[in-house]
Amino acid sequence: MSLVWHEIEIVSLLVHNSGDNEYYRVPVYRNKDLMKAKHSLIATATTIAFGLFVGPVAVAQNALPQADNTWFTDAGAQLQMRLSMQPNTNRAKNVVIMIADGNGVGTNYATRLFHGQTLGNFGDENVLPKETLPHLALVKTYNVNAQTPDSAGTATAMLAGVKTKAGMIGVDETVSRGDCSTVEAGKVTSINQLMSEAGKSTAIITTARLTHATPAAGYAHAADRNFEDDSALPEGCQVPDIASQLISAMESGMVDLALGGGRRHFIPVDFEDEEGKAGRRTDGRNLIDEAKALGAQYAFDAESFAAIDLNKEGPVLGLFESSHMKYENDRSDEPSLAEMVEASITAMQGNENGFFLAVEAGRVDHANHGSNLYRALTDGVAFAEAVQKVIEMTSDEDTLLIVTADHEHAIAFNGYCGRGTPITGLCYGIDGDGIVHNGVEQLADDGQPYTVVGYLNGGGSILKKEKVATEMMIEAEIVSEAVDDATGEQIAEVDTDTAVSTSDAIQAHGDRLAEDLLSQLDITTEVDEDSGESSSYRWIGSRGPLTQEQATDPDYIQQAMIPRGSETHSGEDVAAYASGPFAHLISGTIEQNYLFNVMRYAATGE
């Protein structure tokens with residue numbers, strides 16, 4: 001991966017004002033590579049004439065003992081920059097919303113450090129492209145029926161302006177999940193449709209399946225996010241599946257470009273795609289062929305993607321995997337997110353009415369679900385590349401850019417780690433005499449080292465499932481207090497020397513007594529639905545030795561406490577960064593659906 005970062009040089013000028021015979025310190029911001037700062041307002045003599053700066057340089061301020069400290073002077077320069085900023089109230093010709101799925105404040109923090117450390121720095125001081133945008137808000141992510149949100153509900157909020165129930169796409173909260181009969185009355189209009197009706201070109205890009213929750217909210221209406229093709233529809237459902245709705249959207253002109261994964265939902269079960277993988281459609285339709293019949297250019301790998309004529313009229317459909325696109329760490333023979341962004345903007349920028357672009361880095365979320373921090377962060381950096389590409393190819397004079405996430409994950413950070421500790425690795429101690437960590441692995445009370453990052457739940461849980469033998473001795477001083485339902489009397493007292501399998505009390509009241517004892521031993525019983533046989537398990541665990549080499553391996557699964565096959569989302573706020581026309585409206589703490597209103601107003605004035 002290659003990512004160009006623009007270093008901003010601050011030049012402080014001392015300018016004399018003959019009107020009041022005072023000297024004013026004026027910061028000038030310039031890009032050391034491009035000789036301009038895209039998101040900074042450069043101070044000029046005009047700004048001084050209008051009195052936008054704070055006033056003469058005070059002798060008392062220069063007398064502060066920290067006056068020459070870099071931290072102090074940098075903060076002062078940033079203050080002057082922000083004092084000079086003015087709201088941009090131009091009408092937005094272009095609107096871009098970029099969503100890193102599952103990339104909440106915590107995951108973003110880890111990505112910042114990870115990228116900075118790959119550049120040879122400590123990581124904390126690193127600035128990601130979106131973090132250069134001048135406006136910022138915290139976003140509340142809950143769904144109307146879920147404290148911890150689902151991506152379908154969050155995407156509908158951002159792309160259609162209403163919060164809705166978890167798991168539903170392009171409909172309001174009056175719809176019952178899974179009930180197709182309630183969809184028509186609950187449909188809401190997406191930002192894609194509004195921008196298309198305004199004459200703008202529109203594109204949807206994702207590294208997940210194009211039929212997945214977040215991208216689908218731009219063009220589809222579904223009672224359940226899982227209705228990706230017709231095979232998933234319940235009997236009697238009259239609402240088209242999500243994949244077929246995408247083709248209809250391309251036919252109507254609501255979506256001009258769609259790039260991502262999910263080929264299997266567009267082809268029949270008896271048809272193999274370019275990689276020899278069968279489809280899932282049971283209606284016999286080949287939606288790829290239908291798109292081609294509409295005049296669409298189709299790409300399925302890096303070569304066919306490169307061959308797309310971006311100047312040609314007509315839609316573009318890219319389906320680069322049967323399911324989701326590959327993680328950035330494993331990517332081969334398919335375009336990167338930044339490359340898809342570049343192609344889309346190139347194809348749409350000729351429209352005099354402008355364009356709307358929705359971008360999703362979907363696999364940040366998937367790696368977090370898998371408790372695989374390394375891939376979450378490498379996909380996070382790939383998303384940063386895509387953000388940088390948008391910044392380079394657009395102007396904040398006429399392009400509203402919003403960069404956000406749909407939700408966070410149950411990611412957690414341990415302490416106390418010294419500066420420069422590998423974010424994917426073990427925690428090193430703080431050096432009281434220097435800046436960089438002391439290289440000493442920090443140990444928990446169990447005598448084992450621990451990683452900087454873990455998850456509250458997930459596949460890396462230290463608790464493991466152990467089957468309990470049928471004949472098991474009570475190994476702790478446990479006394480059963482099971483009561484006979486008929487008499488109300490205590491069944492028996494069982495001490496540590498009593499074998500469960502031979503106790504007279506258990507022979508008479510085995511099920512009740514066993515249930516009581518097992519519950520005290522933290523043992524759960526599972527019944528096989530097919531055979532009816534039951535098995536008992538207990539969850540036990542401890543942390544074993546862990547080396548830095550193991551912890552920083554790309555395939556390492558972070559440790560967690562609560563055992564879950566898939567790590568969960570979490571409900572805290574996420575950040576939204578913005579620049580361009582009316583970006584100043586994104587500030588404070590906002591509801592997620594408010595972002596739709598800002599995009600609509602910036603583009604249409606409504």
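Both backbone and side-chain heavy atoms feed into the values below; hydrogens, waters and symmetry mates do not. Just so we're clear, the structure is a prediction, and the values are computed from it rather than from any experiment.
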Between Thr107 and Glu408, does the side chain to side chain donor-acceptor pair (under 3.5 Å) criterion hold? Intermediate values first, please. CA-CA 7 Å; Thr107 302; Glu408 179 58 295; 2.9 Å; yes

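- Put simply, the side chain of Phe122 does not reach to within 4.5 Å of the side chain of Leu113, judged on heavy atoms.
- Ring geometry for Phe305 versus Phe320: interplanar angle over 60°, hence perpendicular rather than tilted (30 to 60°).
- Put simply, the side chain of Ile345 reaches to within 4.5 Å of the side chain of Val390, judged on heavy atoms.
- No side-chain donor from either of Asp396 and Ser579 sits under 3.5 Å from a side-chain acceptor of the other.
- Of all the heavy atoms in Ala578 and Pro134, the pair that sits closest is O-CD, 3.4 Å.
- Side chains of His409 and His369 form a contact here, defined as non-hydrogen atoms less than 4.5 Å apart.
- With contacts defined as side-chain heavy-atom distances shorter than 4.5 Å, the pair Glu342/Glu392 does not qualify.
- Judged purely by atom type and a 3.5 angstrom limit, Arg363 uses its side chain to pair as donor or acceptor with the backbone of Met325.
- His115 places no side-chain N or O within 3.5 Å of a backbone atom of Val381 that could act as its donor or acceptor partner.
- With values rounded to the nearest 0.5 angstrom, Ile97 atom CD1 is found 5.5 Å from Leu159 atom CG.
- Although no hydrogens or angles enter the test, the distance criterion places no donor-acceptor pair under 3.5 Å between the side chain of Asn108 and the main chain of Asn103.
- Once rounded to the nearest 0.5 Å, the distance linking CG of Leu310 with CD of Gln349 reads 9.5 Å.
- One distance of note links OG1 of Thr547 with OH of Tyr556; it measures 9.5 Å at 0.5 Å rounding.
- If you take CZ on Phe114 and CG on Leu373, they are separated by 8.5 Å, rounding to the nearest 0.5 Å.
- Applying the side-chain contact (heavy atoms from CB on, under 4.5 Å) rule to Val440 yields the partners Asn438, Gln442; only residues at least two apart in sequence or on another chain are considered.
- A donor-acceptor pair under 3.5 Å is absent between the side-chain atoms of Ser461 and the main chain of Gly458, judged by distance alone.
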Between Thr206 and His212, does the side-chain contact (heavy atoms from CB on, under 4.5 Å) criterion hold? Intermediate values first, please. CA-CA 9 Å; Thr206 181; His212 214 235; 6.0 Å; no

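- Of all non-hydrogen atoms in Gly454 and Gln558, the two that sit nearest each other are CA-CB, 4.2 Å.
- For the residue pair Gln592 and Met158, the shortest heavy atom distance occurs at CG-CG, 3.6 Å.
- A salt bridge is defined here as a Lys NZ or Arg NE, NH1 or NH2 lying under 4.0 Å from an Asp or Glu carboxylate O, and Asp330 with Arg375 meets this definition.
- Met599 approaches Ile402 most closely through the heavy-atom pair CG-CD1, 3.7 Å.
- What you find for Ser570 and Pro149 is that their closest heavy atoms are O-CD, 3.7 Å.
- Taking the side chain as every heavy atom from C-beta outward, Glu321 and Arg209 never approach each other to under 4.5 Å.
- The existence of a salt bridge linking Arg543 and Asp446 is confirmed by a sub-4.0 Å separation between a basic side-chain nitrogen and an acidic carboxylate oxygen.
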Checking Lys277 against Ser323 for the side-chain contact (heavy atoms from CB on, under 4.5 Å) test, could you report, in this order, the C-alpha distance in whole Å, the side-chain angles of both residues, the deciding distance, and whether it holds? CA-CA 10 Å; Lys277 297 179 180 179; Ser323 184; over 6 Å; no

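- Applying the ring pair (Phe, Tyr, Trp, His ring centres under 6.0 Å) test to Tyr455 and every residue at least two apart in sequence or in another chain returns nothing.
- At least one donor-acceptor pair closer than 3.5 Å links the side chain of Glu567 to the backbone N or O of Ala410.
- Side-chain contact between Tyr327 and Asn372 is absent, with no heavy-atom pair separated by less than 4.5 Å.
- Looking at Asp256, its side chain never comes within 3.5 Å of a backbone N or O of Val316 through a donor-acceptor pair.
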Under the side chain to side chain donor-acceptor pair (under 3.5 Å) criterion, do His407 and Asp101 qualify, and how do the steps go? CA-CA 7 Å; His407 57 76; Asp101 199 316; 3.0 Å; yes

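- Put simply, the residue from Thr404, Leu133, Val598, Val139 that forms a side-chain contact (heavy atoms from CB on, under 4.5 Å) with Ile586 is Val598.
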Under the side chain to side chain donor-acceptor pair (under 3.5 Å) criterion, do Asn351 and Ser201 qualify, and how do the steps go? CA-CA 7 Å; Asn351 186 337; Ser201 300; 3.0 Å; yes

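- Here the CD1-CG distance, from Ile205 to Leu259, works out to 5.5 Å after rounding to the nearest 0.5 Å.
- Listed by first then second residue, pairs satisfying side chain to side chain donor-acceptor pair (under 3.5 Å) with a partner in residues 414-435 read Asp124-Arg419, Glu125-Arg419, Tyr428-Gln548, not counting sequence neighbours.
- Within a 6.0 Å radius of CD in Glu549, no more than 12 heavy atoms belonging to other residues, nucleotides or ligands are found.
- With hydrogens and angles disregarded, no donor-acceptor distance shorter than 3.5 Å links the side chain of Asp333 to the backbone of Asp301.
- Side-chain contact check for His584 versus Met85: every heavy-atom pair is 4.5 Å or farther apart.
- The backbone N or O of Gly362 sits less than 3.5 Å from a side-chain atom of Thr207, completing a donor-acceptor pair.
- Contact detail for Ser371 and Gly459: the closest heavy-atom pair is OG-N, 3.7 Å.
- Distance check: Asn593 CG to Thr141 OG1 gives 12.0 Å after rounding to the nearest 0.5 Å.
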Asp150 vs His569, side chain to side chain donor-acceptor pair (under 3.5 Å): CA-CA, chis, key distance, verdict: CA-CA 8 Å; Asp150 155 84; His569 297 172; 5.8 Å; no

